[in-house]
Asks: 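Would you mind keeping the following structure in view while I ask a few things?
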2 protein chains.
Amino acid sequence: MTTGTRQTRPAQPTLELVAEAAGVSRATVSRVVNGSTKVSPEIVAVVTAAIERLNYVPNRAARSLASRQTQAVALVVPEDITRFFGDPYFAAIVQGITRRLDESQYILNLLVASSDPSHKTMRYLRSGNVDGALVVSHHTHDDFLTDIESLIPLVFGGRPSDHFGPNTYYVDVDNVAGAQVGTQHLLDIGRRRLGSITGPIDMPAGIDRFTGFQRTLEQAGLSADAVEHADFTAVSAAAAMRRLLERRSDLDGLFVASDLMATGALDVLREQGYAVPDDIAIVAFDDSPAAIGAAVPLTTISQPSAEMGFAMADMLLRLLTGDPDVPHRNIMPTRLIQRASA
Amino acid sequence: MTTGTRQTRPAQPTLELVAEAAGVSRATVSRVVNGSTKVSPEIVAVVTAAIERLNYVPNRAARSLASRQTQAVALVVPEDITRFFGDPYFAAIVQGITRRLDESQYILNLLVASSDPSHKTMRYLRSGNVDGALVVSHHTHDDFLTDIESLIPLVFGGRPSDHFGPNTYYVDVDNVAGAQVGTQHLLDIGRRRLGSITGPIDMPAGIDRFTGFQRTLEQAGLSADAVEHADFTAVSAAAAMRRLLERRSDLDGLFVASDLMATGALDVLREQGYAVPDDIAIVAFDDSPAAIGAAVPLTTISQPSAEMGFAMADMLLRLLTGDPDVPHRNIMPTRLIQRASA
DNA sequence: TTGTAAGCGTTATCAA
DNA sequence: TTGATAACGCTTACAA
């Protein structure tokens with residue numbers, strides 16, 4: 001074959017063909033393919049043989065058109081690719097999701113898009129491509145999903161914004177409580193001049209962890225004004241760290257809303273000659289691989305990211321079976337993991 | 001609505017409905033939706049209005065059943081999720097691919113699976129889910145794709161194994177030449193006792209980079225037996241580094257087949273008290289973010305990973321249009337990037 | 001238990 | 001330029 005010869009691609013065998021080869025009707029083949037019990041063993045054998053021989057695989061478009069099901073679910077991530085790949089948190093979530101999905105017939109379609117998500121993603125979800133969707137890293141202004149909610153089941157990773165009603169399904173941790181434990185740990189080891197680098201204030205996880213920090217300091221009668229906001233990236237956290245040090249060079253403790261951000265903060269601290277934890281102790285959040293791999297292994301609030309992904313997928317799958325007793329929320333535990341940074 | 005009330009989900013409007021609302025035939029609506037020029041402006045206006053009003057979105061299953069096209073392509077990655085997320089190389093590739101695909105109508109379906117790939121992945125590809133596929137991180141034993149090749153266009157990232165004919169499409173760099181440049185650099189800065197940590201020997205990229213290393217040493221009349229194989233992960237590279245040091249504690253230069261692996265090697269070297277580059281100089285491969293972020297910024301062979309992803313997608317898209325002049329290979333340039341490690 | 005036949009929501013081929 | 005009408009490949013009542 002020479003370059004550019006447009007290849008004639010052999011058509012895949014159809015149900016029709018298998019039926020003919022096996023000497024039965026299309027309906028019977030369909031029953032065999034779908035594992036119906038109401039087919040005699042002999043016929044099953046004949047049909048199965050024909051399927052093998054012809055190397056038959058059902059056409060998904062036809063199948064989903066007829067059955068009104070796709071056997072696929074989407075994972076919607078309203079972030080750009082760089083953030084998606086850059087934060088180990090997502091890796092853990094996806095891992096958990098696929099672990100659950102692998103035991104099912106469902107396949108996963110990844111929709112990672114911050115740019116124009118309202119359009120392409122919406123279209124995708126509304127075109128009947130998937131039976132349901134998982135949503136992580138949800139921002140409060142991402143209200144384009146509210147319409148989708150009435151079309152297909154949605155499960156959120158992290159409490160969704162208030163655009164969504166109280167009947168929304170989600171898996172989360174108690175971010176406020178987690179942040180309180182983390183901040184308290186800094187107090188417990190004797191730190192009193194605490195600062196925080198927060199997540200984005202347009203995300204519940206960002207807000208809640210900040211709230212936990214504030215609340216703990218209030219209760220201790222300390223000021224909580226050494227705060228800078230960032231967006232869960234290392235770069236933004238580094239910038240926040242610089243701003244923080246400019247305002248308050250006397251900090252002795254820092255609560256950072258994610259491990260990845262803590263690595264960014266660490267870089268700046270090292271660069272400016274601060275020792276961690278001696279000068280400044282750090283407690284982070286996530287307990288992702290980034291925590292262990294950090295220049296100073298991070299004391300951090302562990303959340304079971306992979307298990308959360310698993311639970312999300314499980315919740316969605318139950319929803320898809322029409323299970324009437326799926327609880328709307330699943331709040332999973334956090335715990336303090338002590339390492340070198342605090 | 002109470003917990004568990006099975007929600008009645010509104011059906012999406014169909015072509016039929018739009019046609020009725022606009023007072024035209026289904027065929028005409030279809031023409032408008034697909035941007036046919038042969039529709040009078042007035043009718044276009046009427047139909048468009050009806051589409052807007054009803055919030056119509058075409059059903060993809062029906063469309064692809066009728067048109068025998070899916071407007072989707074797959075990215076097949078025969079690795080497990082952990083490796084996929086762990087190596088910045090994949091992030092760059094995916095970024096390049098989506099950059100190209102975003103300018104098109106096509107959507108991307110990610111198939112990341114090392115376990116039982118022959119089954120689930122095959123089935124997916126053969127079920128008519130996608131019009132074509134991109135394959136990266138291809139192992140020589142991954143011969144399950146050979147059947148697929150006759151069904152849909154395939155474009156490989158990296159030269160595929162010999163299971164595939166000479167008419168296979170792929171985007172690659174000259175790994176042998178790149179490795180030669182890297183190894184030569186170590187010689188140029190006066191190192192003479194060189195070792196290498198290679199990629200997996202079941203991957204062309206692994207083999208070729210090793211070949212480049214060997215060839216350079218041969219030409220210099222030096223021995224190339226201080227070699228350990230790893231699998232492109234940091235962990236495997238760390239183990240390889242330990243084995244290497246056990247055999248040869250007098251190395252003064254090291255060529256490592258990827259940045260990620262170099263970070264694993266660096267950890268071991270630091271742990272065992274070797275200074276980089278003073279005791280041992282290192283040249284790596286990829287020029288991914290891992291190279292800059294490494295404990296010692298890495299001198300490395302840069303390959304244009306994102307551009308390669310872009311080129312792969314572009315090649316596939318051209319193939320899908322039936323373009324008769326798509327070249328079978330696109331070999332992109334590498335170059336040496338000097339940083340601190342050598 | 002098996003077969004017949006009517007959809008599923010599009011596109012595409014003809015006529016008009 | 002527009003409209004019938006027949007596919008596309010499968011599932012699913014309904015009959016037999």
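The sequence lines fix the lettering, A, B, ..., with proteins before strands; numbering per chain opens at 1. What you see below is based on every heavy atom in this structure, not just the backbone, and it leaves out hydrogens, waters and symmetry mates.
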Asks: Check whether any side-chain N or O of B:D131 sits under 3.5 Å from a backbone N or O of B:T70 as a donor-acceptor pair, and report yes or no.
Replies: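 Yes, the answer is positive, given that a donor and an acceptor are paired below the 3.5 Å cut-off.
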Asks: Can you check the A:R60 CZ to D:dT11 P distance for me, whole Å?
Replies: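 Interatomic distance, CZ of A:R60 to P of D:dT11: 12 Å.
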Asks: Does the gap between the ring centers of B:F164 and B:Y170 come in under 6.0 Å?
Replies: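 Between B:F164 and B:Y170, the centre distance exceeds or equals 6.0 Å.
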Asks: Whole Å only: how far is the CG atom of A:L54 from the C1' atom of D:dG9?
Replies: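 That distance rounds to 15 Å.
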Asks: Would you say the side-chain atoms of B:R9 pair up with the backbone N or O of A:E149, donor to acceptor, closer than 3.5 Å?
Replies: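 Between the backbone of A:E149 and the side chain of B:R9 there is a qualifying donor-acceptor contact (under 3.5 Å).
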Asks: Measure CD/A:E20 against P/C:dG3 and give the value in whole Å, please.
Replies: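 One finds 14 Å between P of C:dG3 and CD of A:E20, rounded.
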Asks: Starting at the 5' end of nucleotides 6-16 of chain C, put B wherever the base has a protein heavy atom under 4.0 Å, S where only the sugar-phosphate does, and a dash everywhere else.
Replies: BBBBBBBB---
Asks: Can you tell me if A:R68 and B:N59 form a side-chain donor-acceptor pair at under 3.5 Å?
Replies: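 No, no side-chain donor-acceptor pair sits under 3.5 Å.
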Asks: State, to the nearest 10°, the angle formed by the axis through the first five base pairs of the helix from C:dT1-D:dA16 to C:dA16-D:dT1 and the axis through its last five.
Replies: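 End-to-end axis angle for the helix from C:dT1-D:dA16 to C:dA16-D:dT1: 40°, rounded to 10°.
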Asks: Could you tell me how far apart A:Q71 (CD) and D:dT11 (C1') are, to the nearest whole angstrom?
Replies: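 My rounded result for the distance is 13 Å.
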Asks: Does a donor on one side chain and an acceptor on the other come within less than 3.5 Å for A:T140 and A:D202?
Replies: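 Distance-only check fails for A:T140 and A:D202.
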Asks: Rounded to whole Å, how long is the line connecting atom CG of A:L17 with atom C1' of D:dC10?
Replies: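 In whole Å, D:dC10 C1' lies 14 Å from A:L17 CG.
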Asks: In this structure, are over 12 heavy atoms from other groups packed under 6.0 Å from A:E52 atom CD?
Replies: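 Open.
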Asks: Is the A:Y169-A:F156 ring centre distance short of 6.0 angstrom?
Replies: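 No, the ring centres sit 6.0 Å or more apart.
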Asks: Would you say B:S40 reaches D:dT2's phosphate, i.e. side-chain N/O to OP1/OP2 under 4.0 Å?
Replies: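 Checking D:dT2 against B:S40, a side-chain N or O does come within under 4.0 Å of OP1 or OP2.
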Asks: Quick check: are there more than 12 heavy atoms from other residues, nucleotides or ligands sitting under 6.0 Å from CG of A:N34?
Replies: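 Result for CG/A:N34: enclosed.
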